[in-house]
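This report concerns only the one structure given below.
First listed ligand is number 1; within each ligand, the first listed atom is number 1. Computed from heavy atoms alone, side chains included, the values below leave out hydrogens, waters and symmetry copies.
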Amino acid sequence: MIIVSVTGSSMRDALRQIASSRRFADAFEFRLDLIEKPEAKTLLAAASLPAVTTCRPVWEGGKFRGTEHEREKILSDALAAGSAFLDLELDASPLMRSRLMALAGRERIILSHHLFTSVPADVRSVYARLHQSGAGIVKFAFAADDSADARAAMDFLAMAKKDHRKAIALALGEAGEFTRVVYRKFGGWATYAAPETGPAAAPGQVPASQLRNVYRCEKVTAATRVFGVVGNPIRQSKGVFIHNELFRRARMNAVYCRFQVKDFDAFMKKVAPLLAGFSVTIPHKATVLSYLGSIDARAKAIGAVNTVVRRGKSLWGCNTDAPGALDAIEKIRRVRGRTLLMIGAGGAARAIAFEAKRRGATVMIANRTEEKAAVLAKDLDLRHVPMKDLPEVSFDVLVNATSAGMIPRTDEIPVPPGILDGKVVFDAVYNPPVTRLLAEAKRRRAKVIRGTEMYLNQAAAQSRLFTGRNPNGALMKRLLENQFH
Ligand code: NAP
């Protein structure tokens, strides 16, 4: 059940949120503490869906500043007006709680507990307190700073499942986004979504349209295989818009989520065991190697893995970035026997330089921090050139594998434009799809290759590994383009 939180702040805004979100919602939550001069009757009439009424006090993270007596009146009025459920806090006045429970009946009470500072060490005791209350539905929401913390939501749902108790458990914040998507796999009764317009009620809430159309979270079952992308930051990642649609086309019972991960070790211990496979992005592509049971030879030689799949009890990793970039370049120009000038000395530069050399190119490395270029050149047995010497260097293909030009610093360019005349220029940066480097190169009659080409190639290879099928390239391109409009 997708419950859209209606947050106001005025009645006009609240009604607009209801109208724009109704087709994606199974139910609404009216946050009467956030709506100025709320009229429960009007909201309920406009919703024409089951409603949860909440009047969250300041001491539980809400905005209601009145007495418990006033709160009780507001909530009992909402009940009389037809609210299907009331949300009460575990720490609300016991008298108010028992009176409203008697009035509504236990089955219509969602007893909730919120923690905004940290995940409790003992989730079991939080669950036990909620369970003992006798409320029909128990809800636990807590702030998660890392995906591993969010695992507590699954543990909470597992406890409730054993007791056949309806439960909601959500981790707040970006790191908890996946708990809002996969809740059904672990027996969760409902998820909360942001309205299509106006503010979310809680950090990390995903709009209901996205839960339904991108994640198809209403189709998730205990058997659904969970995939995702692991990185930090992760908000900008486009993979969810591609892999979920490819799963749908492949008729695969699977979902792909974003996992914001700072502590990779904790992620591997607490979250990875729940996953069937995952993409790895900055900054974990090198760290992941030591956690894998087996590694493809190319990824091992590069020292970076961007794709992990479960094979039996063990995890296997490979690198789809390196062939993804070279396939994009070689669509325009074969690299064998040619000179490739690589700008950058990070993970992408290492992967692309390795593969270019393997395919017969002579590779030279230049980087803002020269020592790093020297180290990479030494590792891969390549030449390194100082940035100041670039105007004198002779080359055929230029590769930008730095972050220069990437959103938000779109006016940056990693090399003097004068060296681009008539060359082949590939920019690994894909956001924006046309960087300043590519625009300058085109003006100078260079052949240009966008970073989106590499992105699509590496994602297609991942999709083959996740689904066992060849993905539709044109569809993938369209899905990615949609993300830049
Ligand atoms: P990384 O390991 O953090 O390396 C970053 C590189 O960029 C370093 O060489 C760094 O130089 C350089 N750099 C950063 N800011 C710069 C600036 N303002 N001017 C000049 N150089 C700068 O990152 P990565 O994983 O290699 O990724 C590099 C780029 O490739 C990113 O833009 C990423 O989005 C892109 N990428 C694209 C795809 C794709 O599918 N298209 C896949 C992977 C990566 P210093 O050593 O001096 O710090």
Could you work out, for [atom], the closest of [options] by heavy-atom distance?
atom: atom 43 (C) of ligand 1; options: Met342, Lys238, Lys285; answer: Lys285
atom: atom 48 (O) of ligand 1; options: Met454, Arg368, Gln236, Arg450; answer: Arg368
atom: atom 22 (C) of ligand 1; options: Val399, Val415, Thr320, Thr402; answer: Thr402

Within the distance-only criterion (no hydrogens, no angle test), does the side chain of Glu196 pair as donor or acceptor with the backbone N or O of Ser209 below 3.5 angstrom?
yes
Whether Arg235 side chain and Arg258 backbone form a donor-acceptor pair below 3.5 Å:
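Here the side-chain-to-backbone pair does not exist.
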May I ask you to check whether Asn470 and Arg464 show a side-chain donor-acceptor distance below 3.5 Å?
yes
Does either side chain, that of Asp327 or that of Asn457, offer a donor lying less than 3.5 Å from an acceptor on the other one?
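Result is no, nothing qualifies.
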Closer than 4.0 Å to some heavy atom of [X] - which atoms of ligand 1 meet that?
X: Ala348; answer: 24 (P), 25 (O), 26 (O), 27 (O), 30 (O), 44 (C)
X: Lys372; answer: 45 (P), 46 (O), 48 (O)
X: Asn367; answer: 8 (C), 9 (O), 11 (O), 45 (P), 46 (O), 47 (O)
X: Ile282; answer: 23 (O), 25 (O)
X: Met406; answer: 32 (O), 34 (O)
X: Gly344; answer: 9 (O)
X: Gly451; answer: 41 (N)
X: Val429; answer: 32 (O)

Contact check, Glu453 vs ligand 1, heavy-atom distance below 4.0 Å:
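No heavy atom of Glu453 comes that close to ligand 1.
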Can you tell me if Ala401 has a non-hydrogen atom under 4.0 Å from ligand 1?
yes
Roughly how far, to the nearest 0.5 Å, is the CG atom of Asp149 from the CD atom of Gln260?
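Reported to 0.5 Å precision, the distance equals 10.0 Å.
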Region of [X] that comes within reach of ligand 1 [heavy atoms, distance under 4.0 Å]:
X: Thr369; result: both
X: Asn431; result: neither
X: Ala325; result: neither
X: Tyr430; result: side chain
X: Arg350; result: neither

Just need the protein heavy atom nearest to [atom], so name the residue and atom and give the distance.
atom: atom 4 (O) of ligand 1; result: Gly346 CA, 3.4 Å
atom: atom 40 (O) of ligand 1; result: Tyr455 CA, 3.3 Å
atom: atom 36 (N) of ligand 1; result: Ala428 O, 4.0 Å

Test item: protein heavy atom less than 4.0 Å from atom 26 (O) of ligand 1:
yes
Lys/Arg N to Asp/Glu carboxylate O, Glu481 vs Arg478, below 4.0 Å
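Looking at Arg478 together with Glu481, the answer is no, because their closest N to O distance does not fall below 4.0 Å.
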On a heavy-atom basis, which atom in Ser147 and which in Val271 lie closest, and how many Å separate them?
O-CG2, 3.6 Å
Side-chain atoms of residues 369-377: list all donor-acceptor pairs with protein atoms under 3.5 Å, sequence neighbours left out, distances to 0.1 Å.
none

Can you check whether Tyr127 and Phe140 have ring centres sitting under 6.0 Å from each other?
no
Angle class for the Phe466/Phe247 ring planes (parallel below 30°, perpendicular above 60°, tilted otherwise)?
tilted
